[in-house]
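Contents: one structure, followed by commentary.
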Amino acid sequence: MDEQKVRRVVDEYSDMIKRISYNYLQQTYDSEDICQTVFLKYMTSSISFDSREHEKAWMIRTTINACHDLRKNAFFRKTVPLDEASEKEAQQVQNSEILEEIARLPVNYRTAIYLYYYEEYSTEEIADIMGKRKTAVSKYLSRGRKILKDTLSDEYARIYKVGEQAL
């Protein structure tokens with residue numbers, strides 16, 4: 001793709017892309033990121049357009065899809081504006097045996113369990129965050145739960161038996 005064609009497309013569609021993405025996302029920085037994403041897709045695609053209207057329709061559809069992808073992204077859904085964050089107090093994490101046992105798990109198990117139960121991410125979102133496949137994350141969760149169950153069951157069984165002997 002030649003530079004002159006790219007410059008024409010950027011000059012012609014950048015304002016439109018920014019306006020559409022700002023309308024969807026309500027954030028200037030996000031709309032600028034979407035604009036870059038759309039132009040990168042344009043430059044790397046091998047699509048040929050029948051007319052300028054076809055090119056414009058492609059730009060609009062690609063912009064809307066990129067906005068939807070960003071809104072579906074876990075980071076976008078789990079963030080709050082800085083103004084709202086300063087009004088809320090951080091939750092105090094209580095020390096517990098369960099958290100101590102989670103901290104002893106292998107790093108992949110620990111990360112998956114923390115993100116799933118404490119941050120309430122889905123397995124798909126955790127897979128994206130960790131850069132793993134969904135099946136791997138499911139295995140981490142399953143194996144981590146089993147280790148916790150075995151460890152905590154043994155711990156509680158020992159406490160219960162000690163309590164029986166004391167009686």
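Excluded from the calculations below are hydrogen atoms, water molecules and symmetry mates; all remaining heavy atoms, backbone and side chain alike, are included. Quick caveat: nothing in here was measured; it's all calculated off a predicted structure.
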Between R110 (side chain only) and I102 (backbone N and O only), is there a donor and an acceptor less than 3.5 Å apart? no
Given L105 and E101, is the side chain to side chain contact (heavy atoms under 4.5 Å, CB included) satisfied, shown in steps? CA-CA 7 Å; L105 291 173; E101 290 302 322; over 6 Å; no
Which value, rounded to the nearest 0.5 Å, describes the distance between T63 atom OG1 and M16 atom CE? 5.5 Å
Within-4.5 Å side-chain heavy-atom neighbours: I17 and F39: yes
Do I129 and I113 belong together in a cluster built from hydrophobic side chains that touch within less than 4.5 Å? yes
Hphob cluster co-occupancy, V9 + I60, side-chain heavy atoms under 4.5 angstrom: yes
Any side-chain heavy atom of Y29 sitting closer than 4.5 Å to one from Q27? no
Rounded distance (nearest 0.5 Å) linking atom OG1 of T28 with atom NZ of K18: 9.5 Å
Partner set under side chain to side chain contact (heavy atoms under 4.5 Å, CB included) for A57, not counting sequence neighbours: none
To the nearest 0.5 Å, what is the distance between CD1 (I20) and CG (D15)? 11.0 Å
Under 3.5 Å donor-acceptor, T151 side chain and L148 backbone: no
Just distance, no hydrogens or angles: give the donor-acceptor pairs under 3.5 Å from side chains in residues 133-140, sequence neighbours left out.
from	atom 1	to	atom 2	distance (Å)
K134	NZ	E124	OE2	3.0
S138	OG	K134	O	3.1
Y140	OH	N108	ND2	3.3

In one Ile/Leu/Val/Met/Phe/Trp/Tyr side-chain cluster, 4.5 Å: L141, Y109: yes
Less than 4.5 Å apart, side chain to side chain, heavy atoms only: is that true for T37 and K41? yes
Salt bridge between K5 and E55, side-chain N to carboxylate O under 4.0 Å? no
Using a 3.5 Å distance criterion without hydrogens, assess whether the side chain of T62 forms a donor-acceptor pair with backbone atoms of M59. no
Residue pair F49 / H54: nearest heavy atoms and the distance that separates them: CA-ND1, 3.3 Å
Hey, does R7 have a side-chain heavy atom less than 4.5 Å from the side chain of V10? no
Please report the interatomic distance OH(Y24) to CG(L70), rounded to the nearest 0.5 Å. 13.0 Å
Would you say the side-chain atoms of N65 and R61 include a donor-acceptor pair closer than 3.5 Å? yes
Cluster link I47 to Y42, ILVMFWY, side chain under 4.5 Å: yes
Could E53 and K56 be called an ion pair, given the rule that one side-chain N must be under 4.0 Å from one carboxylate O? no
Quick check: closest heavy atoms across S21 and S31, and the distance to 0.1 Å? OG-CB, 3.0 Å
Looking at Y116, I'd like to know if its OH atom is crowded, meaning that more than 12 non-hydrogen atoms belonging to other residues, nucleotides or ligands lie closer than 6.0 Å. no
